[in-house]
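First the structure, in the form of structure tokens, and then the observations on it.
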Amino acid sequence: MKQAPFIAVEGPIGAGKTTLSSLLAEELNLPIIKEIVEENPFIDRFYQNMDDWSFQLEMFFLCNRYKQLEDTIGQYIAKGKPVISDYHIYKNLIFSERTLKGINRDKYRQIYHILTDDLPRPDIIIYIKADLDTLLSRIAKRSRSFEEGIDKGYLQQLIEDYDVAMASLAVQEPSTVIVTIDGNTIDFVENRLQFEEISAKVKELIQ
Ligand SMILES: Nc1ncnc2c1ncn2[C@@H]1O[C@H](COP(=O)(O)OP(=O)(O)OP(=O)(O)O)[C@@H](O)[C@H]1O
Ligand SMILES: Nc1nc(=O)c2ncn([C@H]3C[C@H](O)[C@@H](CO)O3)c2[nH]1
């Protein structure tokens, strides 16, 4: 593994990406890139009416993450500095393939590839897998107003989409190391020992 790895934490909604990446950033003394959530002007409306708001929402996420990734490249990756992010840019495609339809989906896919195909990809992906009940209880625990009443079918579909996407990334980007964590049984929030096992594994990979 190269000396200055680019690490991304991924998984479906509420899997614990921000929590785990923040803990790892602290433990490994890494700068962290977090996705923008609260400032998103479309997210409330999207959860109320996905058909009407998905294109605006997906484009907003894509533009934001593209800009963040450009900044991350300039500040860290191009300078050979390690960095951890609580998402992989590929998540745009995972969500948009599910929420968009027809011509909008085709156009979005093209824009996604134009913007991102030449950008560096993470060296390590930490993929947190969790089932529907676990995600629903974590989402409830976090208690964001716009996620109240989140559609279970949508969440279940995303769980499956993530599995397919990770398998496809393993083929598309064979040099990327994917570390899969069972978010149902591993409690990296309350159980220090379990967190340390994860951080030891990441340390081993980046040394
Ligand atoms: N493994 C875990 N064990 C116990 N609690 C957890 C675990 N992972 C996350 N949590 C809790 O679940 C909630 C959601 O976690 P977090 O916000 O990190 O998820 P996320 O994947 O970043 O969500 P989003 O997809 O919305 O960005 C938080 O309250 C967090 O403390
Ligand atoms: N549709 C859609 N596309 C995305 O790229 C995307 N990224 C995150 N989210 C949702 C999940 C959480 O509710 C909340 C915070 O992660 O925003 C997304 N929703």
Side-chain angles (χ1 to χ4, degrees), residues 8-26 32-69 84-101 104-105 108-109 111-112 115-116 125-155 157-159 161-162 165 180-199:
V9 180
E10 262 304 350
I13 304 173
K17 300 176 289 295
T18 307
T19 308
L20 182 59
S21 48
S22 304
L23 289 167
L24 285 171
E26 203 183 317
I32 181 164
I33 312 299
K34 288 188 192 175
E35 76 174 6
I36 291 163
V37 179
E38 306 302 334
E39 299 87 338
N40 188 317
F42 302 113
I43 193 102
D44 281 293
R45 283 173 283 187
F46 167 77
Y47 276 113
Q48 280 159 30
N49 186 339
M50 289 197 188
D51 286 345
D52 280 1
W53 289 96
S54 52
F55 190 69
Q56 286 91 325
L57 181 85
E58 303 306 349
M59 287 302 298
F60 181 87
F61 272 121
L62 178 58
C63 293
N64 255 286
R65 292 188 181 126
Y66 173 68
K67 173 77 181 108
Q68 268 191 329
L69 190 49
I84 187 162
S85 163
D86 74 353
Y87 65 88
H88 186 310
I89 193 92
Y90 194 70
K91 83 182 283 180
N92 288 293
L93 217 48
I94 303 176
F95 278 90
S96 61
E97 289 291 321
R98 186 54 53 199
T99 65
L100 299 178
K101 295 185 185 80
N104 278 350
R105 181 162 58 185
Y108 180 95
R109 200 184 289 138
I111 299 166
Y112 171 85
L115 289 180
T116 69
I125 301 172
I126 302 171
Y127 171 37
I128 311 170
K129 272 176 77 97
D131 64 23
L132 185 62
D133 286 344
T134 303
L135 295 182
L136 285 170
S137 80
R138 303 244 162 96
I139 290 168
K141 179 176 166 192
R142 180 175 60 193
S143 185
R144 282 181 184 146
S145 59
F146 54 79
E147 288 169 346
E148 267 172 32
I150 191 166
D151 186 276
K152 290 183 188 165
Y154 174 61
L155 203 50
Q157 194 61 68
L158 286 172
I159 291 171
D161 292 343
Y162 260 93
T180 303
I181 290 177
D182 182 353
N184 298 315
T185 56
I186 297 178
D187 182 346
F188 44 75
V189 178
E190 302 291 342
N191 189 324
R192 185 68 199 170
L193 215 63
Q194 290 190 328
F195 168 68
E196 279 168 3
E197 277 174 26
I198 299 172
S199 77

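Both counts, for ligands and for their atoms, begin at 1 and track the order of listing. Quantities reported herein were computed from a predicted structural model and do not represent experimental measurements. We count residues from 1, following the sequence as given.
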Backbone or side-chain N or O of [X] under 3.5 Å from ligand 1 N or O:
{"X": "Leu20", "answer": "no"}
{"X": "Val189", "answer": "no"}
{"X": "Thr19", "answer": "yes"}
{"X": "Gly183", "answer": "no"}

With heavy atoms only and a cut-off of under 4.0 Å, state how [X] meets ligand 1: side chain, backbone, both or neither.
{"X": "Lys17", "result": "both"}
{"X": "Asp86", "result": "neither"}
{"X": "Glu190", "result": "neither"}

Non-hydrogen atom of [X] closer than 4.0 Å to ligand 2:
{"X": "Arg98", "result": "no"}
{"X": "Arg144", "result": "yes"}
{"X": "Phe46", "result": "yes"}
{"X": "Phe42", "result": "no"}

Worksheet item: Is there a donor in the side chain of Gln68 and an acceptor in the side chain of Tyr87, or the other way round, less than 3.5 Å apart?
Response: yes
Practice prompt. Return the option from Lys91, Lys34, Gln194, Lys141 holding the heavy atom at the smallest distance from atom 29 (O) of ligand 1.
Written response: Lys141
Item to complete: Report the member of Val37, Thr18, Thr134, Ile128 with the shortest heavy-atom distance to atom 22 (O) of ligand 1.
Response: Thr18
Worksheet item: Any heavy atom of Gly11 sitting closer than 4.0 Å to ligand 1?
Response: no
Worksheet item: Taking the non-hydrogen atoms of Arg144, is any one of them nearer than 4.0 angstrom to ligand 1?
Response: yes
Item to complete: Indicate the atoms forming the closest heavy-atom contact of Ile32 with Ala25, along with that distance.
Response: CB-CB, 3.9 Å
Do me a favour and list the nearest non-hydrogen protein atom to [atom] with residue, atom name and distance?
{"atom": "atom 17 (O) of ligand 1", "answer": "Arg142 NH1, 2.9 Å"}
{"atom": "atom 4 (C) of ligand 1", "answer": "Asp187 OD1, 3.3 Å"}
{"atom": "atom 6 (C) of ligand 1", "answer": "Arg138 NE, 3.2 Å"}
{"atom": "atom 1 (N) of ligand 1", "answer": "Ile186 O, 3.0 Å"}

[X] neighbourhood, listing ligand 2 atoms whose heavy-atom distance to it stays under 4.0 Å:
{"X": "Leu57", "result": "1 (N), 2 (C), 19 (N)"}
{"X": "Glu35", "result": "8 (C), 15 (C), 16 (O)"}
{"X": "Glu147", "result": "12 (C), 13 (O), 14 (C)"}

Worksheet entry | Any N/O pair Thr99/ligand 2 closer than 3.5 Å | no
Worksheet item: Quick one: does Tyr47 get an N or O within less than 3.5 Å of an N or O on ligand 2?
Response: yes
Worksheet item: Can you list the residues that meet the side chain to side chain donor-acceptor pair (under 3.5 Å) rule with Lys34, with sequence neighbours excluded?
Response: none
Discussion item. Counting only heavy atoms closer than 4.0 Å, does ligand 2 sit against the backbone of Ile43, its side chain, both, or neither?
Written reply: side chain
Discussion item. Do the side chains of Glu35 and Lys91 get close enough for a salt bridge, i.e. N-O under 4.0 angstrom?
Written reply: yes
Worksheet, complete the sentence: Counting from 1 in the order shown, the ligand 1 atoms closer than 4.0 Å to a non-hydrogen atom of Glu35 are 27 (O)
Item to complete: May I ask you to list the atoms of ligand 1 that are less than 4.0 angstrom from any heavy atom of Gly16?
Response: 8 (N), 9 (C), 15 (O), 16 (P), 18 (O), 19 (O), 20 (P), 21 (O)
Discussion item. Rounded to the nearest 0.5 Å, what separates atom CG in Asp161 from atom OH in Tyr154?
Written reply: 9.0 Å
